[in-house]
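Reading through the structure tokens given below for one structure.
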Amino acid sequence: MDYNHRSIEQKWQKFWAENQTFKTAESTDKPKYYVLDMFPYPSGAGLHVGHPLGYIASDIFSRYKRLKGFNVLHPMGYDSFGLPAEQYAIQTGQHPAITTAVNINRYREQLDNIGFSYDWSREVRTSNPDYYRWTQWIFMQLFNSWYNKDAGKAESIDTLIDKFNNSGSQGINAESDEDTSVFSAADWKVFSEEEQQRELLKYRLAYLRESTVNWCAALGTVLANDEVINGVSERGGYPVEQKKMMQWSMRITAYADRLLSGLDNVDWPEPLVEMQRNWIGKSVGASVIFPLSHKRGIEVFTTRVDTLFGVSFVVLAPEHELVEVLTTDEQRLAVESYIEKTAKKSELDRMADTKSVSGVFTGSYAKHPITGDDVQIWIADYVLAGYGTGAVMAVPSGDQRDYVFAKHFNLPIIPISDSQNIEEQADPNKNGKYINSDFINGMTYQEAVPVLVAKLEELKLGKAKVNFRMRDAIFGRQRYWGEPVPVYFKNGMPYLIKEEELPLLLPEVDKYLPTETGEPPLGRAEGWKYQDQYEYELSTMPGWAGSSWYWFRYMDSQNQDIFVSKKAVDYWKAVDLYIGGSEHATGHLLYSRFWNKVLKDLGFHQEEEPFKKLINQGMIQGRSNFVYRVLDDEGKGTNQFVSLGLKDQYNSIPLHVDVNIVYNDVLDTDKFKTFRPDFADAEFILENGKYICGTEVEKMSKSKFNVVNPDDIIETYGADTLRLYEMFLGPLEQAKPWNTNGIEGVHKFLRKVWRLFHDAQGNFNVSDEKPTKAEYKALHKIIKKVEDDIERFSFNTSVSAFMICVNELTDLKCNKRQILQDLIIVLESYAPHITEELWTLLGNEAGTISYATYPTFNPEYLVESEFAYPVSINGKMKMNLPLALDLDAKAVEEIVISNADVQRYLDSKAVKKLIFVKGKIINIVV
RNA sequence: GCCUAGGUGGUGGAACUGGUAGACACGCAGGACUUAAAAUCCUGUUCCCGUUAAGGGAGUGCGGGUUCGAUUCCCGCCCUAGGUACCA
């Protein structure tokens with residue numbers, strides 16, 4: 001019988017499902033290993049061949065770990081709340097839950113076709129009430145917590161209330177809003193309920209506050225910073241404006257330091273770690289106050305407090321709160337027109353236009369904090385309201401932007417270091433000794449900073465300060481298809497509903513659009529009131545809510561009492577290996593770490609970081625094919641198409657052609673005629689009898705006719721071939737175009753594996769004879785190679801090694817059971833269907849190969865390894881025979897192997913000759 | 001501008017701590033089997049010189065350096081991809 005992938009794959013997929021082969025239980029006699037994929041949003045388009053890349057890699061790793069004796073948790077689910085289903089609902093009126101269910105079924109079908117070893121009994125769907133009740137429950141924990149800086153962790157809000165009751169606001173060291181009140185314990189006790197709640201809200205980790213948000217009118221919702229790219233929405237590319245609104249936010253800034261330091265303890269790709277570091281944006285510096293004659297001074301943040309004596313002016317952002325009071329009557333007209341002008345500039349323009357210098361003098365002066373000299377106060381839009389204090393001290397000699405500004409407006413440029421060269425541009429170097437700098441003259445950078453900070457602290461005009469770029473995360477979305485926030489309002493203050501009232505179900509609405517009065521879609525739900533009288537929160541949670549804790553739910557997905565039991569989380573702890581795309585670097589991966597830390601602080605688990613090791617699979621791009629339509633004299637398309645190599649001899653235009661009717665860039669001309677009606681009578685100008693298509697790498701999309709559906713590949717070549725080929729395509733982490741050319745080679749390999757077990761007539765034929773040395777050598781090479789490759793996630797090289805191994809065994813005509821059985825165990829993780837089939841043909845019990853024992857590598861079978869221990873030559877040099885050895889070239893001529901042991905060893909192996917390459921022994925011929 | 005990764009045949013890519021560069025696969029060329037095709041198998045395939053051959057030379061983006069020896073390490077430059085940006 002020939003290798004028939006269709007029947008084999010269907011048979012085993014059915015078997016695995018019926019027998020729950022991959023159902024995972026907690027086990028005490030095996031070590032645990034948790035392999036997680038980033039779960040997909042089930043879109044209507046289904047999977048293309050790019051999507052499963054990471055899933056295949058994680059499945060290989062999971063299966064390998066099982067063979068290595070680990071109890072592996074490898075689950076899958078769906079991130080099923082989201083915008084596309086809602087927009088589809090707006091257009092068609094169909095409930096998003098229905099669309100979502102249809103899409104999920106389609107995804108499941110496609111995933112099953114690939115033969116993954118997921119434990120589907122643990123599946124989660126974020127839009128399922130059984131799931132989102134716990135998302136809501138976690139929101140409650142955040143609402144009921146505050147960050148105690150003294151303890152360095154989040155605590156229950158009750159501990160804060162106790163402190164207020166005992167000693168008022170005194171001695172509270174918390175992450176909070178900036179406008180917290182100062183009060184005594186007695187004050188607190190006489191506060192009204194509403195006043196108390198208002199105050200507590202300023203401390204909660206999930207809080208409601210008026211804040212400037214990214215408002216996207218086209219989507220009718222606010223967006224988080226990471227959902228806004230270059231001033232337009234990430235989804236849809238609609239314009240985004242800044243707007244003040246009451247909004248739910250998450251106090252992620254409380255965790256800025258821990259989010260930063262935690263990055264040192266995870267095994268993540270360096271670019272991703274860098275992205276998170278940049279996003280958090282820690283700057284160590286000082287805050288300095290420039291006093292004003294009779295008001296509170298201007299506070300600025302600087303990372304170069306040492307340049308304080310080089311300050312020649314102060315610049316405020318146009319939105320700065322002091323602009324109004326600082327503008328003198330003479331300057332008022334100029335200032336107002338400048339502010340108006342910058343307000344008109346969109347975020348995009350402001351970013352694009354970084355060349356031109358603009359600004360305006362307020363007419364007012366501040367005092368230099370140390371010298372007391374007058375310092376001009378300017379307004380300019382190069383200072384951002386949203387970063388630091390929205391004001392900067394300008395040091396033209398040390399900062400290029402300040403330099404350009406000073407030159408443009410003819411402001412003084414004061415050199416402050418004897419090593420500065422400021423003829424052409426600012427010079428920020430820290431190497432010299434200070435000049436023009438009062439009491440730090442002659443000091444170095446290291447000496448000056450502490451002296452200055454101490455002086456500023458003494459004057460109460462500054463202190464060392466750490467500033468973060470990261471802002472709190474906006475949490476509310478004015479959308480329908482998301483988790484309802486489990487909150488109702490009484491006297492304008494938010495209160496949680498009771499835990500036993502969870503889940504707060506998403507109410508039915510007649511339409512999925514905002515209401516006429518501009519309320520979110522939930523405002524349409526009729527009679528939707530808490531206890532029939534209190535207004536519920538009408539916004540829903542953002543897309544990232546459900547995905548910020550889902551790895552916990554897989555550990556204990558059926559638990560009705562808690563989001564994850566102590567027992568389950570103590571066993572599974574954290575994700576050992578997480579595979580997914582790098583597009584989640586500053587969204588999902590940051591929020592997940594944040595929630596993980598909060599839940600740890602509140603005592604629900606022990607792990608500071610949720611994802612120990614992380615791999616970004618590279619994106620698979622599309623590879624488009626083109627035909628070239630010949631144009632007539634008037635430039636109109638004819639029915640003639642010219643092959644790639646001859647196109648320069650004609651006037652032609654390229655047209656996308658469906659990649660599924662092109663093989664190795666040769667067009668199937670018959671299929672082309674049915675591709676589009678107007679191609680029915682197409683004529684071809686061929687080269688060497690073939691029509692060759694052009695190619696280009698582009699994003700995979702329907703409009704470019706370059707989408708390849710995994711189902712089609714599986715139908716033609718099988719899931720095992722698809723799995724091997726996706727790995728064979730190149731390094732996992734590298735972006736690469738999909739190209740079906742070459743898949744034949746991988747398929748051919750599987751047929752060769754099949755033939756090792758069968759004779760020329762196709763009958764199963766395996767021998768129980770003892771294998772030869774050469775056969776053992778071929779086997780043990782692959783045992784070692786695959787083990788090494790998988791441990792370092794180099795799956796592509798394993799596939800090549802398998803091919804070499806099978807070619808060797810074929811040449812040796814090896815059909816020995818002892819060899820072949822171990823071979824298919826090694827191959828199981830890559831090609832589970834064919835190996836399962838061969839495993840049972842060998843007489844083993846069905847379903848057990850996945851839990852077989854990975855064969856032990858024995859170096860004795862590798863000739864090389866017989867030499868693989870260090871020896872010395874001439875009594876001093878170490879070498880690993882027969883590999884290279886380190887020795888002085890001049891000595892090579894007179895090489896004597898003086899070490900008697902080595903000489904004896906070489907003699908005993910009947911060494912015929914030592915191969916020298918340019919003075920080095922690089923190999924030994926036995 | 002800054003950060004990160006990378007640059008190897010016609011193509012995808014190997015070469016794990018410096019040690020015979022181009023494994024493996026695709027493609028291409030030639031051949032075997034076949035009435036023919038498919039399938040399968042064999043041979044060749046970095047480039048240049050050399051009639052085949054023997055043989056020689058060059059070669060891992062470019063220019064230098066360290067080394068007996070560099071795709072690998074160091075310095076300078078060019079290019080590509082991803083990220084980020086008046087962040088004070």
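Protein chains get the first letters and strands the later ones, always in sequence-line order, with residue 1 at the start of each. Just so it is clear, the structure is predicted and the values come from calculations on it, not from any experiment.
- Under the salt bridge (charged side-chain N to carboxylate O under 4.0 Å, His left out) criterion, A/K752 pairs with no residue, sequence neighbours left out.
- Salt bridge status for A/K781 with A/E808: present, with a side-chain N to carboxylate O gap under 4.0 Å.
- At the heavy-atom level, A/N807 lies under 4.0 Å from the strands shown only through sugar-phosphate atoms.
- With sequence neighbours excluded, the residues that form a side-chain hydrogen bond (donor to acceptor under 3.5 Å, both in side chains) with A/Q276 are A/R593.
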Exercise. Sugar-phosphate atoms are those with a prime plus P, OP1 and OP2; base atoms are the rest. Using that split, label each nucleotide of nucleotides 7-17 of chain B B, S or - for protein heavy atoms under 4.0 Å, 5' to 3'.
Key: -----BSSSS-

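- We find that CE of A/M275 is positioned 12 Å from P of B/A5, with the value rounded to whole Å.
- Residues passing the side-chain hydrogen bond (donor to acceptor under 3.5 Å, both in side chains) test with A/W268, sequence neighbours excluded: none.
- Under the side-chain hydrogen bond (donor to acceptor under 3.5 Å, both in side chains) criterion, A/N616 pairs with no residue at all, not counting sequence neighbours.
- The salt bridge (charged side-chain N to carboxylate O under 4.0 Å, His left out) check on A/K785 picks up A/D789, with sequence neighbours excluded.
- Annotation: B/G27 and B/U34 have their P atoms spaced 25 Å apart (nearest Å).
- Spacing between atom CD of A/E744 and atom C1' of B/C26 amounts to 10 Å, rounded to whole angstrom units.
- Applying the salt bridge (charged side-chain N to carboxylate O under 4.0 Å, His left out) rule to A/D788 yields the partners A/K784; only residues at least two apart in sequence or on another chain are considered.
- A close approach under 4.0 Å does not occur between any side-chain nitrogen or oxygen of A/Y382 and OP1 or OP2 of B/A88.
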Shorter than 3.5 Å, N or O on both sides, protein versus nucleotides 40-43 of chain B: list them out with atom names.
unit_1: B/U40; atom_1: OP1; unit_2: A/R751; atom_2: NH2; d: 2.1

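- Glycosidic conformation at B/G50 (O4'-C1'-N9-C4 for purines, O4'-C1'-N1-C2 for pyrimidines): anti, more than 90° from 0.
- For the salt bridge (charged side-chain N to carboxylate O under 4.0 Å, His left out) test, residues two or more places apart in sequence or in another chain that qualify with A/D264 are A/R277.
- In this structure, the CG atom of A/L272 is 13 Å from the C1' atom of B/C3, given to the nearest Å.
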